[in-house]
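Working notes, beginning with the structure itself.
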Amino acid sequence: MADKLQIALYWGAACGGCDVSVLDTNEFILDVAAVADIRLWPIAVDGKYKDLEAMEDGELDLAIFNGAVRNSENEHIAKLLRRKSKLMLAYGACAYMGGIPGLANLTTREKIFETAYLKNPSIEWGNGVVPQPESGINGKTIDLPRFYRRVYRLSSVVDVDYFLPGCPPQPDQVKGALLAVVKGELPPKGSVVGAFEHALCEDCPRTKNEKKIKQFYRPWQVACDPDTCLLEQGVLCAGVATRSGCGVRCPKSGIPCRGCYGPAAGVVDQGAKLASAIASIVDSKDPEEIEGILAGLPDFISFAYRYGVPASLLQRSYRQ
Amino acid sequence: MSFEPKIVGFLCNWCSYTGADLAGTSRIHYAPNVRIIRVMCTARIDPTFVLKALTDGADGVLICGCHPGDCHYSEGNYKMMRRYPLLKSILAEFGIEPARVRLEWVSASEGQRFADIVNDMTQRVRELGPSPVRTALVQDMAER
Amino acid sequence: MEEHKIGVYVCMCGTNIAKMVDCDDVVRTASEQPGVVCAKTYKYMCSNPGQEMIVADIKEQGLDRVVVAACSPRMHEPTFRKALQTAGINPYFLEMANIREQCSWVHDDRQVATEKARALTLGATRRVANHQPLERMSVEMCPDVLVIGGGVCGLTAALELADGGNRVHLVERASTLGGNVARVDLTAPYLDSARDLMTALVTRVEEHKKVDVLTRSQVSSLEGFVGNFVATVETIWGDSASVSQFKVGNVIVATGYKEFDASRVTHYGYGKLPNVITSFEFEKMLRAGRVQTKEGKLPQYVAIIHCVGSRSKEFHTYCSRVCCMTALKYAQEVKSAVPSCYVSDVYIDMHAFGKGHEDFYRRGSEAKTLFLMYGKNDHPVIRKAGPGDDCEMLIEVNEKLSGEVIEIPADLVILMVGMEAREDSEAVARLVNISRDKDGWFIESHPKLDPVATTTDGIYIAGACAAPKDIPDSVAQARAAAGRILARTIRGVIDIDAVFAEVTEDKCSGCRVCNELCPYSAITYDADKKKSSVISALCKACGACVAGCPSGAIAARHFTDAQIFAQIEGVLA
């Protein structure tokens with residue numbers, strides 16, 4: 001048992017897609033199983049928390065954590081995995097940057113509960129109950145994980161060794177990352193693995209010309225030329241500010257990049273850079289005209305920070 | 001002790017920074033709350049700077065550039081003019097009150113105007129109180 | 001993080017700073033900062049002893065970064081940079097904190113001013129730790145010059161440059177040199193012969209060994225950048241064409257103007273009424289020595305109408321500058337050719353702004369010319385006179401000064417047509433990479449402080465192509481542009497400021513967001529490599545591309561993200 005790699009995979013606030021992406025490596029997963037013991041993987045194997053708790057510190061070689069940290073359970077297991085594992089990999093956009101769950105940071109816990117549990121057309125019997133961290137039933141106490149005021153990325157709660165971006169990470173990249181661990185060929189701590197350093201445009205086959213925008217369009221408003229840069233055609237594509245490595249799947253399929261691999265290497269705040277780049281190519285010097293052109297960008301924040309609100313400088317909304 | 005805001009000011013070298021210097025040589029007094037950072041042109045100002053200032057403890061951010069048409073680099077202030085609305089919309093969604101981040105055009109000869117802007121902005125930010133950023137992040141930590 | 005040895009110097013500036021800022025306190029706070037090995041105050045940092053102290057400390061203590069908290073860097077940054085250079089370290093290892101103009105002189109509470117001075121100094125200290133060594137570079141400058149346009153302006157510039165020892169390539173579209181002034185008889189206000197003026201100029205140019213004249217030619221392309229342009233010129237005569245190519249270091253655009261088409265102003269009947277002519281048509285008459293109507297008769301009544309196509313909501317809102325004096329000139333010339341003739345001058349305002357103009361105006365009014373003022377956009381109307389009238393045409397003027405509607409007779413009407421941007425001005429602008437304003441005139445670097453340079457380094461504009469102008473101003477600009485170029489070519493090299501933007505090729509994804517952001521055309525895109533890069537010789541370091549780059553692939557030397565972030569942290573600490 002000691003000869004095989006000891007690994008654990010876990011999901012925090014997640015959709016399951018990252019776990020599926022590991023399975024999407026198809027037969028490769030069997031190669032992994034041949035060299036590694038998967039000690040915990042809720043979606044796939046039958047391990048329990050008590051098994052994790054029983055391990056020695058550092059017994060695991062690698063913990064792969066996908067999903068964001070939304071509640072106390074996520075944090076607890078993240079911390080536990082950190083203790084029990086030599087290496088911690090933040091897997092996927094949610095662990096790396098907060099991901100889609102991170103958009104919840106633009107609202108409040110109260111509003112979320114209100115929509116989910118109180119004021120909602122699909123609520124049949126509303127007795128006004130929201131999840132309680134602690135409640136009693138039949139003389140016993142049941143506790144639920146505490147729902148935090150905001151979402152965190154993994155590195156905000158534990159020390160992370162490597163980051164593998166993507167929503168989800170692409171199978172080839174996953175294979176590469178896992179192989180690197182198997183072979184012991186590890187990059188410097190803190191590296192982003194399974195992706196390149198540069199932005200998507202370098203790998204995108206569409207031709208790029210001068211960028212001057214007089215009008216922005218929603219993707220459904222315009223039939224785009226398949227061979228030309230989408231942004232130039234007025235469609236918001238985050239590719240300019242997004243790290244490459246995904247194989248440019250979205251623009252190749254005719255839809256604009258959504259930014260799920262996070263910012264290019266060295267960029268501190270992806271949304272700020274997107275705002276700067278998009279605004280810079282607006283072709284006007286007249287304040288009114290500029291306003292008009294930018295009005296064609298409804299809900300800009302969801303474009304700019306779709307996957308990265310918790311990873312941004314401001315991290316969350318401060319509305320009272 | 002009443003709250004005194006800390007405001008970071010990004011001023012362009014050719015117009016607004018010179019205008020601020022003129023306020024100095026003219027001995028025009030104004031509120032001491034703005035800490036000025038010099039850039040060559042407002043075109044250099046990445047929205048990231050504004051967000052960083054707010055995250056690092058600024059209660060407000062003031063950006064000053066040349067009047068449109070007067071930019072030393074021809075069109076730099078137009079780039080700022082284009083970025084600013086998007087920055088403001090992002091700040092609004094992040095719940096940062098609009099009066100905390102402000103863009104003004106100040107020419108090299110407008111020392112008094114610079115002083116007036118600083119006084120006005122300081123007053124408005126003082127009324128808003130400390131930036132919600134630091135306190136909120138501390139509260140978040142406390143519940144974990 | 002690199003370790004540094006930072007020296008912090010807080011100037012008292014006599015009492016200018018010390019009166020309001022506790023300099024010792026600022027020194028004490030500074031000395032507690034990581035990396036600060038030396039912190040002191042001094043009465044006058046910019047003085048020789050002050051600078052020598054910094055130099056000595058650098059040498060003895062091995063300081064590698066220096067902060068001077070004192071007056072505005074706009075005042076003494078060069079002074080202290082020189083001190084660092086003297087001490088043997090890179091001059092860009094300096095950062096100043098402005099605690100005088102932006103602190104001690106503008107606040108009245110010592111405690112608060114000191115606190116601010118501490119914050120500003122801390123900002124400078126954190127920033128300077130991130131400073132990189134920078135060197136100024138020089139590139140060779142080709143001394144040859146291209147002058148586009150062979151009118152009075154282009155000719156003057158060519159001579160000035162050629163006399164200065166530079167080879168000039170003068171490219172003129174028409175078959176002869178001389179431009180619009182060659183079509184003029186006498187010039188206002190001194191009534192010199194334009195013919196003599198131009199003949200002298202053209203002859204000197206054609207005979208000058210250092211000037212290559214290419215008539216019937218157009219510049220078809222201009223590649224490269226300041227100091228290193230390559231111009232391609234096409235010459236066409238008859239059926240044949242030839243192409244020539246040459247290197248130049250700088251370009252002067254002196255393409256002039258074209259006159260407004262008077263037929264557009266229908267109420268003046270130009271093109272319909274035979275004796276309504278334009279100013280240039282009248283010049284032709286004057287050059288032939290004959291002032292007469294189309295029918296060959298001496299006119300009894302001549303009317304001159306100002307502002308045809310100018311100062312009008314309908315056509316051009318601007319003033320064409322030369323027409324008022326030219327109109328007065330015509331009044332005098334008509335009177336001297338046909339002394340019995342009655343001359344009416346129909347104007348909106350009399351623009352007599354220049355040297356000798358007011359005197360000329362007075363002389364004109366003494367020569368018994370009838371002056372009638374009309375309101376802008378309330379133009380006179382010309383109609384054919386009836387059989388009972390003793391004149392060809394009648395002009396109805398809503399005369400402003402009298403408030404009456406006056407009808408004047410005219411056998412000959414001279415329309416003072418305004419100046420317009422040439423039809424090819426858009427093509428020329430694109431060719432040399434400069435911009436045009438809403439009226440089509442080329443835009444200068446700064447309307448007050450830099451009228452002949454443009455935002456594209458190495459391209460100068462002179463004369464009427466930049467805005468309506470008379471001969472004195474065109475010639476002045478021609479000499480100004482030539483002078484600017486001579487000052488550069490004397491050095492033989494062009495200095496590139498050490499502060500510019502640069503693209504890290506590996507980080508560039510070829511997205512081209514930056515390409516349109518540069519007002520100096522300093523950003524190029526390599527279609528093979530699929531990467532953008534900055535031509536440092538052209539970069540003015542405004543930072544537009546740096547902030548716009550979504551990959552953070554462009555860095556602004558001396559204004560990097562790291563430096564500014566550090567400064568933000570410092571001023572808020």
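All values below come from the heavy atoms of this structure, side chains included, with hydrogens, waters and symmetry mates left out.
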Practice prompt. Could you tell me which portion of B:Ile45 (side chain, backbone, both or neither) has an atom closer than 4.5 angstrom to a non-hydrogen atom of chain C?
Written response: backbone
Response to the item:
Closest non-hydrogen contact found for B:Ala43 with C:Ala547 is O-CB, 3.3 Å
Practice prompt. Keeping to residues at least two apart or across chains, list the ring pair (Phe, Tyr, Trp, His ring centres under 6.0 Å) pairs with something in residues 116-144 of chain B.
Written response: none
Worksheet, complete the sentence: Given B:Ala58, B:Ala23, B:Ala115, the one with more heavy-atom pairs under 4.5 angstrom with chain C than any other is B:Ala58
Fill in: Interface moiety of C:Leu517 toward chain B, non-hydrogen atoms closer than 4.5 Å
both
Item to complete: Among C:Gly123, C:Ala556, C:Pro73, C:Ala541, single out the residue with the greatest number of heavy-atom pairs under 4.5 Å to chain B.
Response: C:Pro73
Discussion item. Taking side chain as everything from C-beta outward and backbone as N, CA, C, O, which of these in C:Leu572 sits under 4.5 Å from a heavy atom of chain B? Side chain, backbone, both or neither.
Written reply: both
Worksheet item: Do you know which of B:Gly76, B:Pro47, B:Pro32 has the most heavy-atom pairs under 4.5 Å to chain C?
Response: B:Pro32
Could you list each N or O donor-acceptor pair linking chain C to chain B at a distance under 3.5 Å?
| unit_1 | atom_1 | unit_2 | atom_2 | d |
| --- | --- | --- | --- | --- |
| C:Ser72 | OG | B:Asp21 | OD2 | 2.5 |
| C:Arg74 | NE | B:Asn13 | O | 3.4 |
| C:Arg74 | NE | B:Thr18 | OG1 | 3.1 |
| C:Arg74 | NH1 | B:Thr18 | OG1 | 3.1 |
| C:Arg74 | NH2 | B:Thr18 | OG1 | 3.2 |
| C:Glu77 | OE1 | B:Arg38 | NH2 | 3.3 |
| C:Glu77 | OE2 | B:Arg38 | NH2 | 3.3 |
| C:Asn98 | ND2 | B:Tyr17 | OH | 3.1 |
| C:Asn98 | ND2 | B:Asp21 | OD1 | 3.0 |
| C:Gln102 | NE2 | B:Asp21 | OD1 | 3.1 |
| C:Val106 | O | B:Tyr30 | N | 3.1 |
| C:His107 | ND1 | B:Tyr30 | O | 3.0 |
| C:Asp108 | OD2 | B:His29 | ND1 | 3.3 |
| C:Lys116 | NZ | B:Val34 | O | 3.3 |
| C:Leu517 | O | B:Lys79 | NZ | 2.6 |
| C:Ala544 | O | B:Arg83 | NH2 | 3.0 |
| C:Phe559 | O | B:Arg44 | NE | 2.9 |
| C:Phe559 | O | B:Arg44 | NH2 | 2.9 |
| C:Asp561 | OD1 | B:Arg44 | NH2 | 2.7 |
| C:Glu569 | OE2 | B:Lys52 | NZ | 3.0 |
| C:Val571 | O | B:Arg35 | NH1 | 2.8 |
| C:Leu572 | O | B:Lys6 | NZ | 3.3 |

Practice prompt. Under 4.5 Å heavy-atom distance to chain C, tell me which part of B:Ala31 shows up: side chain, backbone, both or neither.
Written response: backbone
Discussion item. Rounded at 0.5 Å granularity, tell me how far CD1 in C:Ile568 sits from CZ in B:Phe49.
Written reply: 6.5 Å
Worksheet item: Hey, which of B:Val39, B:Ile36, B:Ile28 has the most heavy atom pairs under 4.5 Å with chain C?
Response: B:Ile36
